[in-house]
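Every heavy atom of this structure was used, including side-chain atoms; hydrogens, water molecules and symmetry mates were not.
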Amino acid sequence: MPTRRGPIRSPANSVAGPSVQSSNSPPRTAKSRLAIARALMEAGVDVLVEKPLAASRADADELIRLAHSLGRIGQVGHLERFNPAVRATALLITQPMFFEVHRLSIFTPRSLDVDVVLDLMIHDLDVVLSFMNSPVKEIRAVGLPILSGKTDIANVRLEFESGCVANFTASRVSTERVRKIRFFQPQQYVSLDYGRQDVLVFSVGEEGGTQGTPSVNPQIKVAQPPIVAEEPLRAELRSFLASVRTRTPPLVSFEDGRRALALALDIVAAIREHSQKVQLDRLRG
């Protein structure tokens with residue numbers, strides 16, 4: 001049976017013919033995604049949903065329930081998971097103890113209906129959560145609206161049950177573009193650049209476990225894992241279609257999307273609580 005794939009203009013159009021097996025919708029607000037995805041899955045269509053997965057935990061839970069009960073493939077569009085540098089870094093993870101994450105972009109009049117946490121930071125939250133096998137223990141966050149009515153710049157400190165600490169900075173009002181993750185684990189420091197799609201690994205001593213070139217300090221070896229460059233969007237779509245064809249779980253499941261969404265919403269709430277505590281509205285006035 002031939003399969004029609006590609007952008008669709010409405011749920012009704014997407015299920016008009018019996019040959020549709022998978023589809024992706026044009027970008028819409030998070031609030032509309034449950035209704036669109038429900039219509040598609042109930043019609044027997046597998047779905048790739050843009051991040052954030054939904055507008056609320058309840059909507060995300062309903063999407064998970066629908067996918068399971070209807071036997072549909074549901075993937076979330078956390079694009080950075082398909083970045084070759086992220087995939088290479090995942091193989092290096094041992095016991096991360098400290099992350100420093102920066103995602104800075106120049107202001108553009110897009111996605112201003114959500115704040116920077118759900119717009120940008122959620123990419124890095126998803127990646128770090130995929131690296132960690134430990135629940136979040138504590139959230140401390142601060143954010144400011146600069147050029148929109150929503151938070152445009154935010155800084156977040158997460159502490160995991162494992163003792164790992166992760167600092168995230170996200171801004172959509174920067175003068176430069178930066179997308180980097182750096183982290184420390186026993187005998188290693190790893191630096192990942194999303195944009196350049198490269199990874200540098202600095203290892204100390206023989207126990208570092210990574211072969212590399214000695215640096216200025218002979219105790220520190222520097223290595224660059226081999227990476228095959230690939231456009232993350234192409235890799236994402238290829239992975240989704242492979243899951244559809246083989247009926248295997250996607251790399252970024254609805255459960256993954258729900259986990260990143262829940263953490264992002266908790267951060268938004270922490271920013272709101274901090275703003276009220278320091279009476280930010282009064283200070284701005």
Verdict with supporting geometry, Asn155 and Thr169, side-chain contact (heavy atoms from CB on, under 4.5 Å): CA-CA 5 Å; Asn155 180 263; Thr169 299; 2.9 Å; yes
Run the side-chain contact (heavy atoms from CB on, under 4.5 Å) check on Ser148 and Arg172 step by step: do they pass? CA-CA 10 Å; Ser148 75; Arg172 56 188 181 193; 3.5 Å; yes
Please test Phe168 against Val128 for side-chain contact (heavy atoms from CB on, under 4.5 Å), starting from the C-alpha separation and ending with a verdict. CA-CA 10 Å; Phe168 297 80; Val128 171; 3.8 Å; yes
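The structure places CG of Leu40 at 10.0 Å from CD of Glu42, a figure rounded to the nearest 0.5 Å. Here Leu48 contributes atom CG and Glu236 contributes atom CD; the two are 5.0 Å apart, rounded to the nearest 0.5 Å. Distance check: Asp61 CG to Phe254 CZ gives 12.0 Å after rounding to the nearest 0.5 Å. Residue Lys180 holds its NZ atom at 5.5 Å from CG of Asp193, rounded to the nearest 0.5 Å. Expressed to the nearest 0.5 Å, how far CD of Glu255 lies from CD1 of Ile64 amounts to 4.5 Å. Atoms CE and CD1, on Met41 and Ile36 in that order, are 11.5 Å from each other to the nearest 0.5 Å.
Side-chain atoms of Leu66 and Arg72, non-hydrogen and from C-beta on, never get closer than 4.5 Å to each other. Using a 4.5 Å heavy-atom cutoff, the side chains of Leu158 and Leu263 are in contact. No side-chain heavy atom of Asp256 sits less than 4.5 Å from a side-chain heavy atom of Val76. Here the side chains of Val204 and Tyr189 are not in contact, with every heavy-atom distance at 4.5 Å or above. With a 4.5 Å cut-off on side-chain heavy atoms, Leu192 and Val127 do not count as touching. When side chains are defined from C-beta on, Leu251 does not count as touching Gln75, because their heavy atoms never get closer than 4.5 Å. Contact check for Phe160 versus Leu129: side-chain heavy atoms found under the 4.5 Å cut-off. No side-chain heavy atom of Asp198 sits under 4.5 Å from any side-chain heavy atom of Leu200.
What you find for Pro96 and Phe183 is that their closest heavy atoms are CB-CD1, 4.3 Å. Across Met121 and Ala154, no two heavy atoms sit closer than the pair CE-O, 3.9 Å. Here the shortest heavy-atom pairing between Gly77 and Lys51 reads O-CG, 3.6 Å. In terms of heavy atoms, Ser171 sits closest to Leu120 at O-CD1, 3.6 Å. Scanning all heavy atoms of the two residues, the minimum distance from Pro232 to Phe82 falls at O-CB, 3.6 Å. The shortest heavy-atom contact between Ala60 and Ala54 is N-CB, 3.7 Å.
Screening residues 83-97 for side chain to side chain donor-acceptor pair (under 3.5 Å), with sequence neighbours left out, gives Glu80-Asn83, Thr94-Gln185.
Following chains of ILVMFWY side-chain contacts shorter than 4.5 Å, one can reach Phe202 starting from Phe184, so the two form part of one hydrophobic cluster. Transitive grouping of hydrophobic side chains (ILVMFWY, heavy atoms separated by less than 4.5 Å) keeps Leu104 and Phe107 in distinct clusters. Residues Met97 and Val190 fall into different hydrophobic clusters, defined by Ile, Leu, Val, Met, Phe, Trp and Tyr side chains chained together at heavy-atom separations under 4.5 Å. Hydrophobic clustering (side-chain heavy atoms under 4.5 Å, transitive across Ile, Leu, Val, Met, Phe, Trp, Tyr) groups Phe98 together with Ile220. Hydrophobic clustering of Ile, Leu, Val, Met, Phe, Trp and Tyr side chains at less than 4.5 Å, counting indirect connections, unites Leu241 with Leu233.
Of the N and O atoms on the side chains of Gln188 and Ser203, at least one donor lies less than 3.5 Å from an acceptor on the other residue.
Salt-bridge formation is detected for the pair Arg81/Asp126: a Lys NZ or Arg NE/NH1/NH2 atom is positioned less than 4.0 Å from an Asp or Glu carboxylate oxygen. Using a cutoff of 4.0 Å between basic side-chain nitrogens and carboxylate oxygens, Glu62 and Arg65 are scored as salt-bridged. A salt bridge does not link Asp46 to Arg245: none of the charged nitrogens lies less than 4.0 Å from a carboxylate oxygen. Taking the charged nitrogens against the carboxylate oxygens, Asp266 and Arg57 do have a contact shorter than 4.0 Å, which makes a salt bridge.
Annotation: ring pair (Phe, Tyr, Trp, His ring centres under 6.0 Å) contacts of Tyr194 (sequence neighbours excluded): none.
Applying side chain to side chain contact (heavy atoms under 4.5 Å, CB included) to Val117 and the options Ile122, Ile271, Leu265 leaves one that passes, Ile271.
For Glu273, the CD atom is loosely surrounded, since the number of other residues' heavy atoms within 6.0 Å does not exceed 12.
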Donor-acceptor contacts, no H, no angles, side chain residues 131-145, under 3.5 Å, sequence neighbours left out:
| residue | atom | partner | partner atom | Å |
| --- | --- | --- | --- | --- |
| Ser134 | OG | Glu161 | N | 3.3 |
| Ser134 | OG | Ser162 | N | 2.9 |

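In this structure, Arg258 contributes its side chain and Leu63 its backbone to no donor-acceptor pair below 3.5 Å.
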